[in-house]
Amino acid sequence: MLRMGTALIVEVAQTDGSVWGGRYTHQTSLHLPLADIADGMNDTEHTTIHSALEQSFEEILALYLNDRMGNYIESDHVVISSRFLSPRFKLEVNGKVLERHSDRVTLRSGAGLISLPLDDSLTMKNATVKKPKASSKS
């Protein structure tokens with residue numbers, strides 16, 4: 001299966017001379033069986049892919065701007081596994097949900113801000129956060 005998306009790597013110089021870095025990832029809803037394009041793409045397939053990536057880039061820029069403006073509020077803590085993010089190995093990623101719609105979820109994780117379609121390439125479950133144990137005084 002061919003799954004596509006865009007990524008935006010941002011580096012912003014800080015007043016102290018350091019550089020803040022961020023990664024924004026957006027998966028399109030488009031996925032195509034490899035067999036459908038293995039012998040080359042016709043004009044319709046090319047246009048479909050081009051349009052999906054163009055829309056993905058517009059959406060990733062909106063994600064960045066919303067994040068920079070502080071428009072996101074973290075909510076549920078979740079654990080996801082995505083064949084888009086890790087196609088060869090099943091890796092779980094912890095994150096906090098920023099937006100959830102009927103067809104897409106956006107979350108913040110150690111891998112940056114990620115927007116994924118709610119389709120068969122994604123599994124997501126709520127996670128519990130363990131509170132640190134109180135230290136005992138001797």
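Each residue takes its place number in the sequence, starting with 1.
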Check: Quick one: side-chain hydrogen bond (donor to acceptor under 3.5 Å, both in side chains) pairs with a partner in residues 4-22, sequence neighbours left out?
Finding: Thr6-Ser56, Asp16-Ser18
Check: Closest heavy-atom contact between Gly95 and His77?
Finding: O-CD2, 3.1 Å
Next item on the list: Using the rule that two of Ile, Leu, Val, Met, Phe, Trp, Tyr join whenever any of their side-chain heavy atoms come within less than 4.5 Å, decide whether Leu53 and Leu2 are in one cluster.
Entry: yes
Notebook entry, point to check: Say you draw a straight line from CD of Glu99 to CG of Leu63; how long is it, rounded to the nearest 0.5 Å?
Noted result: 7.0 Å
Next item on the list: State whether the number of non-hydrogen atoms from other residues, nucleotides or ligands found under 6.0 Å of Tyr72 atom OH is greater than 12.
Entry: yes
Notebook entry, point to check: When rounded to the nearest 0.5 angstrom, what distance separates CG in Leu61 from CG in Asn66?
Noted result: 11.0 Å
Note to self: As an exercise, state the distance from CZ of Arg104 to CD of Gln27, rounded to the nearest 0.5 Å.
What the structure shows: 7.0 Å
Item checked: Approximate separation, where rounding is to 0.5 Å, of Tyr24 OH and Thr106 OG1 -> 12.0 Å
Next item on the list: Quick one: list whatever passes salt bridge (charged side-chain N to carboxylate O under 4.0 Å, His left out) with Lys90, sequence neighbours left out.
Entry: none
Next item on the list: Indicate yes or no for a side-chain donor-acceptor contact from Glu45 to the backbone of Asn42 under 3.5 Å, with no hydrogens or angles considered.
Entry: yes
Check: Who else is in the cluster with Leu122 when I, L, V, M, F, W and Y are joined by side-chain contacts under 4.5 Å?
Finding: Val78, Ile80, Phe84, Leu85, Val93, Val97, Val105, Leu107, Ile114, Leu116, Leu118, Met124
Check: In Å and rounded to the nearest 0.5 Å, what is the OG1 to CD1 distance from Thr44 to Ile49?
Finding: 11.0 Å
Checklist line | Atom pair OG1 (Thr47) and CD (Glu54), whose distance is rounded to the nearest 0.5 Å | finding: 10.5 Å
Notebook entry, point to check: Are the side chain of Arg83 and the backbone N or O of Asp120 linked by a donor-acceptor pair below 3.5 Å?
Noted result: yes
Margin query: Do Val19 and Leu113 sit in one hydrophobic cluster, given that two such residues count as connected whenever their side-chain heavy atoms are within less than 4.5 Å of each other, even indirectly?
Written below: no
Next item on the list: Group every Ile, Leu, Val, Met, Phe, Trp and Tyr by side-chain heavy-atom contacts under 4.5 Å, then state whether Leu65 and Val12 land in the same group.
Entry: yes
Note to self: Taking CG in Asn126 as the centre, count heavy atoms belonging to other residues, nucleotides or ligands within less than 6.0 Å. Is the count above 12?
What the structure shows: yes
Margin query: Connecting only ILVMFWY residues whose side-chain heavy atoms lie within less than 4.5 Å of each other, what is the rest of Ile73's hydrophobic cluster?
Written below: none
Next item on the list: Determine, stepwise, if the pair Arg68 / Val10 fulfils side-chain contact (heavy atoms from CB on, under 4.5 Å).
Entry: CA-CA 11 Å; Arg68 186 168 177 158; Val10 178; over 6 Å; no
Next item on the list: Please report the closest heavy-atom contact between Lys96 and Ser75, naming both atoms and the distance.
Entry: CD-O, 3.6 Å
Checklist line | Same apolar cluster (I L V M F W Y, side chains within < 4.5 Å links), Ile9/Ile60 | finding: no
Next item on the list: Please list, chain by chain and in numerical order, all residues satisfying salt bridge (charged side-chain N to carboxylate O under 4.0 Å, His left out) with Arg108, sequence neighbours excluded.
Entry: Asp67, Glu74
List, one per line, each side-chain donor-acceptor pair under 3.5 Å for residues 28-38, sequence neighbours excluded.
| from | atom 1 | to | atom 2 | distance (Å) |
| --- | --- | --- | --- | --- |
| Thr28 | OG1 | Met4 | O | 3.0 |
| Thr28 | OG1 | Leu30 | N | 3.3 |
| Thr28 | OG1 | Leu30 | O | 3.3 |
| His31 | ND1 | Ser29 | O | 3.3 |

